[in-house]
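Remember, predicted model here, so these are calculated numbers, not experimental data.
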Amino acid sequence: MAESEIEAIGEYLKKNQFVITDHARREMKNDGISVDDIVFGCADGELIEDYPTAHPLPACLILGRTLDGRPLHVCLSKPPLVKIITVYVPTPNRWESDWKTRKVVK
């Protein structure tokens, strides 16, 4: 995903042109994540995984930060239909300390 695509996602989020799945809303509640955290986190976020063949829509995983500085993962579909699929604060038991690399589960 090119930087311009991340910028496009950021613009959709800033303009409130997105939907949030029920699953993502549950995760937001569980991890204390707000819509503002998602918008802020994706604005300066970094693509860490790209899913161009995801069904039904191409998607990606963005690493950002919440307003209070916690790491944030946002999985969403790409424009023109931006759908927040899931969002969560990554944990050290599943992610390396850079929050970009999945740990190998044995």
Side-chain angles (χ1 to χ4, degrees):
M1 173 186 276
E3 185 173 325
S4 61
E5 287 182 289
I6 291 179
E7 290 171 359
I9 289 168
E11 288 301 312
Y12 274 79
L13 294 174
K14 287 177 193 171
K15 293 177 182 175
N16 202 29
Q17 297 175 332
F18 62 94
V19 295
I20 302 174
T21 65
D22 290 340
H23 171 78
R25 288 195 186 279
R26 285 190 299 276
E27 294 299 310
M28 290 169 67
K29 183 177 179 182
N30 290 343
D31 285 357
I33 298 167
S34 69
V35 172
D36 288 342
D37 285 324
I38 294 170
V39 174
F40 176 80
C42 288
D44 290 322
E46 178 182 351
L47 172 78
I48 58 172
E49 294 181 0
D50 194 15
Y51 316 120
T53 60
H55 181 75
L57 299 166
C60 62
L61 182 64
I62 295 175
L63 167 63
R65 295 275 173 184
T66 62
L67 291 165
D68 63 4
R70 294 177 295 157
L72 177 70
H73 281 176
V74 181
C75 182
L76 47 76
S77 61
K78 297 178 185 178
L81 175 57
V82 177
K83 182 184 285 190
I84 309 298
I85 300 163
T86 193
V87 57
Y88 56 91
V89 174
T91 58
N93 64 325
R94 299 181 113 185
W95 294 88
E96 298 293 342
S97 61
D98 64 0
W99 305 121
K100 300 175 190 179
T101 309
R102 291 181 191 266
K103 286 189 174 178
V104 176
V105 180
K106 296 179 182 181

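- Under the 4.5 Å side-chain criterion, counting only non-hydrogen atoms from C-beta, Arg65 is in contact with Trp99.
- With sequence neighbours excluded, no residue forms a salt bridge (Lys or Arg N to Asp or Glu O under 4.0 Å) with Lys103.
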Checklist entry - Checking side-chain contact (heavy atoms from CB on, under 4.5 Å) for the pair Gln17/Val82: CA distance, chi angles, key distance, verdict? => result CA-CA 7 Å; Gln17 297 175 332; Val82 177; over 6 Å; no
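- Two residues are said to be in side-chain contact when any heavy atoms from C-beta on lie closer than 4.5 Å; Ile38 and Ile33 meet this criterion.
- Ile48 and Val74 are members of different hydrophobic clusters when ILVMFWY side chains are connected at heavy-atom separations under 4.5 Å.
- Side-chain polar atoms of Thr91 and Asn93 form a donor-acceptor pair below 3.5 angstrom.
- Within the 3.5 Å criterion, the main-chain N or O of Ser34 finds a donor-acceptor partner in the side chain of Asp37.
- Cluster membership for Leu57 and Phe18, using ILVMFWY side-chain heavy atoms within less than 4.5 angstrom, is not shared.
- Looking at every heavy atom in both residues, Gly41 comes nearest to Leu72 through CA-CD2, 4.3 Å.
- Residues passing the salt bridge (Lys or Arg N to Asp or Glu O under 4.0 Å) test with Lys14 are Glu11, sequence neighbours excluded.
- With rounding to the nearest 0.5 Å, the separation of CZ in Arg25 from OG1 in Thr86 is 12.5 Å.
- The CD atom of Glu46 sits 10.5 Å away from atom CG of Leu61, with the distance rounded to the nearest 0.5 Å.
- Taking CD of Glu27 as the reference point, atom SG of Cys75 lies at 11.5 Å (rounded to 0.5 Å).
- For the pair Ile20/Met28, a side-chain contact is recorded, criterion being any heavy-atom separation below 4.5 Å from C-beta on.
- Contacts of Arg102 classified as salt bridge (Lys or Arg N to Asp or Glu O under 4.0 Å), with partners at least two apart in sequence or in another chain: Glu49.
- Follow the hydrophobic side-chain contacts under 4.5 Å out from Ile85 and you never reach Ile62; the two are in separate clusters.
- Between Tyr88 and Pro71 there is no side-chain heavy-atom pair separated by less than 4.5 Å.
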Item to check | Intermediate values then yes/no, salt bridge (charged side-chain N to carboxylate O under 4.0 Å, His left out), Asp98 and Lys100 | outcome: CA-CA 5 Å; Asp98 64 0; Lys100 300 175 190 179; 5.8 Å; no
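- Using a 4.5 Å cut-off on side-chain heavy atoms (C-beta onward), Cys60 and Leu76 make contact.
- Residue Leu67 is found in a hydrophobic cluster whose other members, listed by chain and number, are Phe40; membership requires side-chain heavy atoms under 4.5 Å apart, directly or through intermediates.
- Cluster membership check: Ile84 does not share its hydrophobic cluster with Tyr51, using side-chain heavy-atom separations under 4.5 Å among Ile, Leu, Val, Met, Phe, Trp and Tyr.
- A heavy-atom distance below 4.5 Å is found between the side chains of Leu63 and His73.
- Not a single donor-acceptor pair under 3.5 Å links the side chain of Thr101 to the backbone N or O of Glu96.
- For Ala54 against Ala59, the heavy-atom pair with the smallest separation is CB-N, 4.2 Å.
- With sequence neighbours left out, Arg26 forms a side chain to side chain donor-acceptor pair (under 3.5 Å) with no residue at all.
- With sequence neighbours left out, Asp22 forms a salt bridge (Lys or Arg N to Asp or Glu O under 4.0 Å) with no residue at all.
- One distance of note links OH of Tyr12 with OG of Ser77; it measures 10.5 Å at 0.5 Å rounding.
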